[in-house]
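Some notes on the structure that comes next.
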Amino acid sequence: MQAGGMMRGDLSQQTLQTGDVTYMLLEGYTKLKDHQPLLAMHLLEEAEWGLEFILRNRYGDGYRANSAGLLIWQDGISGTLDDITTVRVQNCALDNFLYAAYEAYAALTIDRDPMLQEYLQRVAKEDFAFGLRRHEEVGYGEFHHFYEHTYNTSESQYMATISWAASMLYKLTQDPYYAEKAAKFIQYTLDCQRTEPLKDPDKTHGFFYRDLSKTTLVHYNHQSREQIYMQAMILLCETQPDHPDYTRWDHSIRIYGNYLKNLMQYTAPYGMLPSGVYHIDEVKDEVSFDHQHLFQPADAKENYVVQVKNGVPLDQGHYVKRFPVWFSIFNGNTVVHLSTGKAAAICGKYLQDEELIEIGREQLY
């Protein structure tokens, strides 16, 4: 659309999304640098632009300029009518844990700039400390802004994120302080995993609930970091193989991987991962429901039941949905099945399970 002589569209930018993409670019660089060096260097160059962006928006006290909603291309000149004055700033524990993990991984990965590596290690430790301090002050649930794509984060995912960030810092520093934090915070997440089979013929289990009440399952409809669960479990196994809880972490990976393999029958012969298992009574968890479904219509709760019942029944109350439950402008499925596909791929690599690796490939296809 064009209005007032300016092109309009959604040009919004979120710093944490840049962090997500930067991490993935660095993963690609790590994978390719030994056998496709030219492509790897292009990935590294792009990742370094992302690092610069997330570091420039860092205030050094736990706060960051985290997002801005834009509908126009700006003229690039300060003081003119198109200047944006609505940049959102926040000190959010979850954000800082994710930044710490990304910065630590960058410090482990970028091997051509020792000064940058040293700086990244310092800010990773600082950001983890900022996140932990905020967590100790307010705990889970401090998501300030409706439009931030962390707004739907469950408590089980939040705890897995802390663990993953701590493991990444342990891998970087070898400081046992981080190993202890990683093992501590994952306990909550493990307690949120369904280990008892449902009453369906396949005895479905291995998925995660949003919290210890086990009333609402983890699923997504617009933005997803489903892979965080397995990233946390696998990095724990890799960095602390002698820990007393190792077998529990390993078991979590195996039953989640089997859960994903079981889901694929519901979209066969197509390769798309279903959205997952839903329960008909999730509408009763109003806080969770409101955080997952933005801009709800007046009949959202009734509509939810209709959409879930259009899925495949497993037992009394549980259904498999091929696509997410949607109500509003915040919907979509590509990021949902891609993030779950990444979880499948990393599980497959850890377990040396070609079926899971192929599920990951199918999401790319």
Output, in order, the C-alpha distance, side-chain angles, deciding distance and verdict of side chain to side chain contact (heavy atoms under 4.5 Å, CB included) for Arg64 and Phe130.
CA-CA 11 Å; Arg64 259 188 174 89; Phe130 292 141; over 6 Å; no
Under 4.5 Å between side-chain heavy atoms, counting indirect links through other Ile/Leu/Val/Met/Phe/Trp/Tyr residues: same cluster for [X] and [Y] or not?
X: Leu108; Y: Phe97; answer: yes
X: Tyr29; Y: Ile54; answer: yes
X: Ile162; Y: Val218; answer: no
X: Ile110; Y: Tyr99; answer: yes

Got a sec: does the [atom1] of [X] have more than 12 other heavy atoms crowding it under 6.0 Å?
X: Glu354; atom1: CD; result: yes
X: Glu358; atom1: CD; result: yes
X: Phe295; atom1: CZ; result: yes
X: Lys181; atom1: NZ; result: yes
X: Leu81; atom1: CG; result: no
X: Glu137; atom1: CD; result: yes
X: Lys33; atom1: NZ; result: yes
X: Gln352; atom1: CD; result: no

With ring-ring contact (aromatic ring centres under 6.0 Å, His included) as the test, pick out the partner of His135 among Phe185, Tyr188, Tyr140.
Phe185
Is there a donor-acceptor pair closer than 3.5 Å between any side-chain N or O of Thr267 and the backbone N or O of Met272?
yes
Please answer whether the main-chain N or O of Ala65 pairs with a side-chain N or O of Thr15 as donor and acceptor at a distance below 3.5 Å.
yes
If the test is side-chain hydrogen bond (donor to acceptor under 3.5 Å, both in side chains), which one of Arg210, Lys321, Glu282 qualifies with His219?
Glu282
Starting from the C-alpha separation in whole Å, work towards a yes-or-no answer on side chain to side chain contact (heavy atoms under 4.5 Å, CB included) for Leu190 and Arg248.
CA-CA 8 Å; Leu190 287 164; Arg248 193 178 180 200; 3.7 Å; yes
For Thr22 against Ala47, the heavy-atom pair lying closest together:
CG2-O, 3.4 Å
What heavy-atom pair brings Leu260 and Leu273 nearest, and what distance separates the two atoms?
O-CD2, 4.0 Å
Roughly how far, to the nearest 0.5 Å, is the CD atom of Gln193 from the NZ atom of Lys214?
9.0 Å
Specify whether [X] and [Y] have parallel, tilted or perpendicular ring planes, treating 30° as the upper limit for parallel and 60° as the lower limit for perpendicular.
X: Trp326; Y: Phe323; answer: tilted
X: His293; Y: Phe327; answer: perpendicular
X: Tyr256; Y: Phe208; answer: tilted
X: Phe128; Y: Tyr177; answer: perpendicular

Does the pair Lys261 and Asp353 meet the rule for a salt bridge (charged side-chain N to carboxylate O under 4.0 Å, His left out), with working shown?
CA-CA 11 Å; Lys261 289 192 285 188; Asp353 186 325; 2.7 Å; yes
[X]-[Y] side chain donor-acceptor pair, cut-off 3.5 Å:
X: Arg194; Y: Tyr209; result: yes
X: Tyr304; Y: Gln292; result: no
X: Thr204; Y: Asp202; result: no
X: Asn310; Y: Tyr319; result: no

Apply side chain to side chain contact (heavy atoms under 4.5 Å, CB included) to residues Leu94 and Gln157 and explain how you reach the verdict.
CA-CA 10 Å; Leu94 178 77; Gln157 182 182 318; 5.7 Å; no
Matching residue for Asn91 among Asp61, Asn66, Asn96 - test: side-chain contact (heavy atoms from CB on, under 4.5 Å)
Asn96
Of Asp211, Thr189, Leu212, which meets side-chain contact (heavy atoms from CB on, under 4.5 Å) against Glu155?
Asp211
Could you walk me through whether Lys184 and Glu180 pass the salt bridge (charged side-chain N to carboxylate O under 4.0 Å, His left out) test, one step at a time?
CA-CA 6 Å; Lys184 172 186 174 183; Glu180 184 270 330; 5.3 Å; no
Starting from the C-alpha separation in whole Å, work towards a yes-or-no answer on side chain to side chain contact (heavy atoms under 4.5 Å, CB included) for Val320 and Leu314.
CA-CA 7 Å; Val320 169; Leu314 296 179; 3.6 Å; yes
Verdict with reasoning, Tyr105 to Thr30, per side chain to side chain donor-acceptor pair (under 3.5 Å)
CA-CA 10 Å; Tyr105 186 76; Thr30 302; 3.1 Å; yes
